[in-house]
Structures are given as structure tokens and as C-alpha cells.
Amino acid sequence: AVKYSPFFDNRLAVASAANFGLVGNGRLYVLELTANGIVPLKLYVRSFSSSNASGRTDHLCSFAGCSGHSVFVSANCCHSHFSFTTQDSLYDLAWSEIHENQVLAASGDGSIKLYDTTADDFPIMNWKEHNREVFSVNWNLVAKDRFCSSSWDGTVRIWTPHRQQSLLTLPTHSCTYSAAFCPHNPELISCVTSDSYVRLFDLRTPASASNHLVLQIPNHAAPTAPTIPGQPGIPPAAAQPAEILTHDWNKYRQTVLAT
């Protein structure tokens, strides 16, 4: 995932994973666009110590420059990083809408981590309620003290950065690849799942048995080829559904979204 900062038009973050996200570490990069190209917001990735001839210990840091070579510098404070390494893959990110230096990351271990670019390489907040991989995070553009996440565990959860527990859990009963708040209405949240449905939740409605679900739209189930030449294929309702991997709201037409 690659997303621009809502506060700086030249700053972006990148969530990445080793080995196509199947196994291995993840890394969150914070980069800036400059006249010299894309450069790290902060330069130091790895620190270590080295004693010089006078016996004094210098703290050295290394980073991979644009030429691919490692550059070594002496620094009094070299624990500042332009990237944050995690133990599991990172699948998505979302910039905070209330703090210019904070960014969320969705992790393969079921956790959501909040990083601050002015702090060290450890997250300042960590949420862990999902039982499977977290595939998306999305910050509410209207009610800016809330964000949501979706997971393979078949749930969408709503959070606030001010508390450790989620505010609400919305079940989808299917692997949920993407969830997003409507940019026009802070109480509407949509998601897409592996069963080929778009679901819309309205948080203003009573929870009851529907868990705020107000709309469920099947799509992406194409007709299969006809078994007899010249005859129609199987209608979409009877065809095997196709997974919906992502979606997005139209920011100018409040009733339109794309999958």
C-alpha cells in the first residue's frame, strides 16, 4: 500500500511485506518527494558502535543510498528511522487525520500498530483483537477520532486512538479484504468480502440482529460458459462468486463506490 499524507503534499508512506506477503517481515517506510527525487524522511536504519583509535566510541548508522551503497555517518542520536520493521507482513496503512506524524499499519499477525515518525522504531499504540490477518485500515475523514479495520477473521472493527479496546465489531462471516468509512457520512461504513458481496453498515441504526447491516449487494459473479453451444450460460446467481479484493468511495458523488 502507498498513501499520501493528508497534511503534507510531498510526504507518503509505504507498507510492504517480504516474499509477497506469504511469510517474513514487514516494513513501513516514510518518504518525501524532493527536487532530488524520493528520499527517506529520516536516514538511519541500523545503528551500531565502533571504537576509534583514541579509544572513544562513536555511534554509527548506515543506510542504503540512492546508488545502492551503504553510507556511514557519526551521530549523537542515531535511533531515528525512516522505516519501521515488523515481525509479520504489512498489508495496508492509513495516515492519521488528527496528527500529522502518525500512521497506522495493518499486520499479518492480526494486530494494528500506530507509529509516530518523531518517535523511535517501536509503535506508540498496538491493538490486537483480530484473530487473523488484518487486510485493511481506514481513517474516518469526517469523525476524525475513529478508524476501522477489516480482517480474514470475518469482522470489521471500529476503533479510536484514545482507547485500547475496539468500539464496535461488525460481523461479515466472510474474509473481509477492505473496509472504508463513507467520506460524506461518518456513520456509514462499507466493506467487500471473499463471498463477492458489498456490505453497507449504518451505525445510526439499532444493532438488533442485523448488527447495523442495511445493504448487501452481490456482484462480480460472472455467468459461466454454456455447456451446450448456442444456449445461455449459468446466470450470475448460480455461478461461483468471485472474491472482491478492494473498493473505494467516490468523493464527489456520495452514493457511488467502485469495487
Side-chain angles (χ1 to χ4, degrees), residues 1-9 11-15 91-98 103-106 112 133-160 166-224 233 235-259:
V2 182
K3 294 181 181 177
Y4 272 101
S5 164
F7 295 95
F8 304 100
D9 61 3
R11 184 175 298 180
L12 64 156
V14 180
Y91 295 115
D92 197 18
L93 66 93
W95 284 96
S96 169
E97 291 289 333
I98 56 177
V103 58
L104 285 170
I112 304 164
E133 293 90 335
V134 180
F135 251 61
S136 77
V137 283
N138 179 263
W139 211 286
N140 196 317
L141 299 180
V142 183
K144 299 186 177 184
D145 61 342
R146 286 186 285 170
F147 63 91
C148 68
S149 62
S150 68
S151 169
W152 275 20
D153 65 5
T155 65
V156 173
R157 295 179 187 266
I158 299 174
W159 314 79
T160 175
S166 62
L167 300 173
L168 183 65
T169 299
L170 303 172
T172 65
H173 309 292
S174 184
C175 175
T176 310
Y177 289 110
S178 175
F181 281 103
C182 174
H184 310 278
N185 189 326
E187 305 302 329
L188 294 180
I189 184 171
S190 58
C191 67
V192 293
T193 53
S194 60
D195 61 1
S196 196
Y197 276 90
V198 178
R199 290 175 172 85
L200 182 67
F201 298 90
D202 189 339
L203 304 183
R204 298 166 297 186
T205 61
S208 65
S210 64
N211 291 295
H212 304 287
L213 181 66
V214 295
L215 192 62
Q216 190 168 253
I217 307 171
N219 62 2
H220 291 278
T224 61
Q240 183 67 26
E243 295 183 319
I244 309 176
L245 301 182
T246 189
H247 78 302
D248 192 21
W249 284 89
N250 189 314
K251 293 180 175 59
Y252 307 101
R253 299 176 63 185
Q254 61 182 359
T255 60
V256 176
L257 58 81
T259 63

Judged by atom type as modelled, is there a donor-acceptor pair below 3.5 Å linking the side chain of Ser96 to the main-chain atoms of Val103? no
Under the side-chain contact (heavy atoms from CB on, under 4.5 Å) test, residues paired with Asn138 that sit two or more places apart: Cys148, Ala180, Phe181
With rounding to the nearest 0.5 angstrom, report the CG to OG distance, Leu245 to Ser136. 11.5 Å
Nearest 0.5 Å please: distance from the CZ atom of Phe147 over to the CG atom of Leu167. 8.5 Å
Test of understanding: with side-chain contact (heavy atoms from CB on, under 4.5 Å), list the residues that count as partners of Asn211, not counting sequence neighbours. Pro171
Do you know the tightest heavy-atom contact between Leu213 and Leu200? CD1-O, 3.5 Å
Quick one: are Ile189 and His212 in side-chain contact, heavy atoms under 4.5 Å? no
Is the shortest side-chain heavy-atom distance between Cys191 and Phe201 below 4.5 Å? yes
Straight-line distance of His184 NE2 to Trp249 CH2, nearest 0.5 Å: 7.5 Å
What are the two closest heavy atoms between Val142 and Pro183, and how far apart are they? CG2-O, 3.4 Å
Hey, does Trp139 have a side-chain heavy atom less than 4.5 Å from the side chain of Trp95? no
According to side-chain hydrogen bond (donor to acceptor under 3.5 Å, both in side chains), who are the partners of Tyr177, at least two apart in sequence or on a separate chain? Glu243
According to side-chain contact (heavy atoms from CB on, under 4.5 Å), who are the partners of Phe7, at least two apart in sequence or on a separate chain? Ser5, Glu100
What I'd like to find out is whether the side chain of Leu141 reaches to under 4.5 Å of the side chain of Glu97, using heavy atoms alone. yes
Taking side-chain hydrogen bond (donor to acceptor under 3.5 Å, both in side chains) as the test, write out the residues that go with Thr172, two or more places apart. Thr176
Looking at OG1 of Thr155 and CG of Leu170, how far apart are the two atoms once the value is rounded to the nearest 0.5 Å? 8.5 Å
Can you tell me if Phe8 has over 12 outside heavy atoms packed within less than 6.0 Å of its CZ? yes
Any chance you could measure Asn140, atom CG, to Cys182, atom SG, to the nearest 0.5 Å? 9.0 Å
What one should report as the nearest heavy-atom pair of Asp92 and Ala1 is OD1-CB, 3.5 Å
Roughly how far, to the nearest 0.5 Å, is OG of Ser150 from CZ of Arg199? 12.0 Å
Any salt bridge (Lys or Arg N to Asp or Glu O under 4.0 Å) pairs touching residues 166-190, not counting sequence neighbours? Arg146-Glu187
Under the salt bridge (charged side-chain N to carboxylate O under 4.0 Å, His left out) test, which residues partner Asp145, sequence neighbours left out? none
Is there side-chain contact between Ile158 and Leu203, with heavy atoms separated by less than 4.5 Å? yes
Under 4.5 Å between any side-chain heavy atoms of Gln254 and Asn185, yes or no? no
Salt bridge (Lys or Arg N to Asp or Glu O under 4.0 Å) contacts in which one or both residues fall within residues 201-216, not counting sequence neighbours: Asp202-Arg204
Applying side-chain hydrogen bond (donor to acceptor under 3.5 Å, both in side chains), can you list everything that pairs with Ser178, at least two apart in sequence or on another chain? His247
Residues in side-chain hydrogen bond (donor to acceptor under 3.5 Å, both in side chains) with Trp159, at least two apart? Ser149
Between Leu93 and Ala13 the two heavy atoms that sit nearest each other are CD2-O, 3.5 Å
Here the salt bridge (Lys or Arg N to Asp or Glu O under 4.0 Å) pairs for residues 246-256, sequence neighbours left out, are none
Only counting residues at least two apart or in another chain, list the ones meeting salt bridge (charged side-chain N to carboxylate O under 4.0 Å, His left out) with Lys144. none
